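Everything below concerns the one structure shown next.
Keep in mind that what you see is a predicted model, and the values were worked out from it rather than measured. Each chain gets a letter, A, B and so on, in the order its sequence line appears, and its residues count up from 1.
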Number of protein chains: 2
Amino acid sequence: MTEQMIFRAISDPTRRSIMAMLSDGERSLNDISAQYEMTRPAVTKHLKILEQGGLISVRSQGRERIHRLQPEALKTVADWVNFFSQFWDEKLANLKQAVEMDDE
Amino acid sequence: MTEQMIFRAISDPTRRSIMAMLSDGERSLNDISAQYEMTRPAVTKHLKILEQGGLISVRSQGRERIHRLQPEALKTVADWVNFFSQFWDEKLANLKQAVEMDDE
DNA sequence: TTTATAGGAAACCAAACAGTTTCATGTCAA
DNA sequence: TTGACATGAAACTGTTTGGTTTCCTATAAA
């Protein structure tokens, strides 16, 4: 679950689309692959990469595999973007800093 | 400069490293490639991909090519992450929304 | 206890990617 | 105006990636 695994996982449009789908709730592999034109094994590979990046979790339920979004993994990306945000939006950066201070 | 071009650009660790370097100020190709073990043409290719994603701009100055960070391009990524941030941090999401409202 | 359903695994493929080497071009400085 | 320097461009290469097809396993339902 390195930083690179996360950036790799979100670099593909299909995988970002799957994340959006899962933001609406859990889905089985069948449910997910039904939404795409590619074959089921192709979707399986995308899900594996998302799981390796920590962006989703998977559990078995009977003969199904249920996939759930793990959005906290995106904190890594948020932090990375936030470092650069200071160069384009001082106000937002300051507010974010305030929020982080407040958390401690 | 599609969303995909941006996500592609930031998916490579060398390119993210170059962005960090440029956050400190403009750099020529020579300055940049001196920091990496790979050859200059390899760095050139990375810079081209960053440029295509709108993350850097390039200008000629004499025989040099000066590269400058364009962090605003990361707003696209920030927006995308922010959509998911509502699922992990309500407080931060609300504050961000307030900032956006305030901008209009 | 068959049969249908949900998924896993392996072998394969073409295209994209990250890198190299080699050579050409433009600009600055003696 | 010659030499050094900064870069561009093209051809090539090995590996990764996103996809396929085929076959196998496990669970649920008839």
Nucleotide nearest Asp12(B) when distance is taken to its side chain, options dA18(C), dA9(D), dC5(D): dA18(C)
Is the closest side-chain donor-acceptor distance between Thr76(B) and Asp79(B) under 3.5 Å? no
NA contact type, Ile32(A), heavy-atom cut-off 4.0 Å: base, sugar-phosphate, or nothing? nothing
Which of dG19(D), dG18(D), dT21(C) is nearest the side chain of Thr14(A)? It is dG19(D)
Interatomic distance, Leu29(A) CG vs dT25(D) P [rounded to whole Å]: 19 Å
Please tell me which of the listed nucleotides, dT7(D), dG18(D), dT20(C), lies nearest to the side chain of Arg15(A)? dG18(D)
Closest nucleotide among dG8(D), dA9(C), dG8(C) to the Lys48(A) side chain: dA9(C)
Closest to the Pro41(B) side chain, choosing from dG19(C), dA10(D), dG18(D): dA10(D)
Could you state the NE2-P distance from His46(A) to dG7(C), rounded to the nearest angstrom? 17 Å
Ignoring hydrogens and angles, state whether a donor on the side chain of Arg8(B) or Ser11(A) is under 3.5 Å from an acceptor on the partner side chain. no
Considering heavy-atom distances to DNA chain D, does Arg40(A) or Glu37(A) have its closest nucleotide positioned more toward the 5' end? Glu37(A)
Here the distance between atom P of dT27(C) and atom CG of Asn30(B), to the nearest Å, is 16 Å
Is the closest side-chain heavy-atom distance between Leu47(B) and Leu29(B) below 4.5 Å? yes
Base dT7(D) to side chain Arg63(B), donor-acceptor N/O within 3.5 Å cut-off: no
Between atom NE2 in His67(B) and atom P in dA6(D), what is the gap in whole Å? 14 Å
Glu26(A) CD to dA6(C) C1', in whole Å, measures 17 Å
Taking the side chain as every heavy atom from C-beta outward, state whether Val43(A) and Thr14(A) have any pair of such atoms under 4.5 Å apart. no
The side chain of Ala42(B) is closest to which nucleotide in this list: dG7(C), dA18(C), dG19(C)? dG19(C)
Can you tell me how far CE of Met19(B) sits from CG of Leu69(B), rounded to the nearest 0.5 angstrom? 5.5 Å
If I take atom CE in residue Met38(A) and atom C1' in nucleotide dG18(D), what distance separates them, rounded to the nearest angstrom? 8 Å
Is the phosphate of dA18(C), meaning OP1 or OP2, less than 4.0 Å from a side-chain N or O of Arg8(B)? yes
Nearest-Å distance for atom pair CD/P, residues Glu64(B) and dC5(D): 13 Å
Contact nearer the 5' end of DNA chain C, comparing Lys45(A) with Arg65(A): Arg65(A)
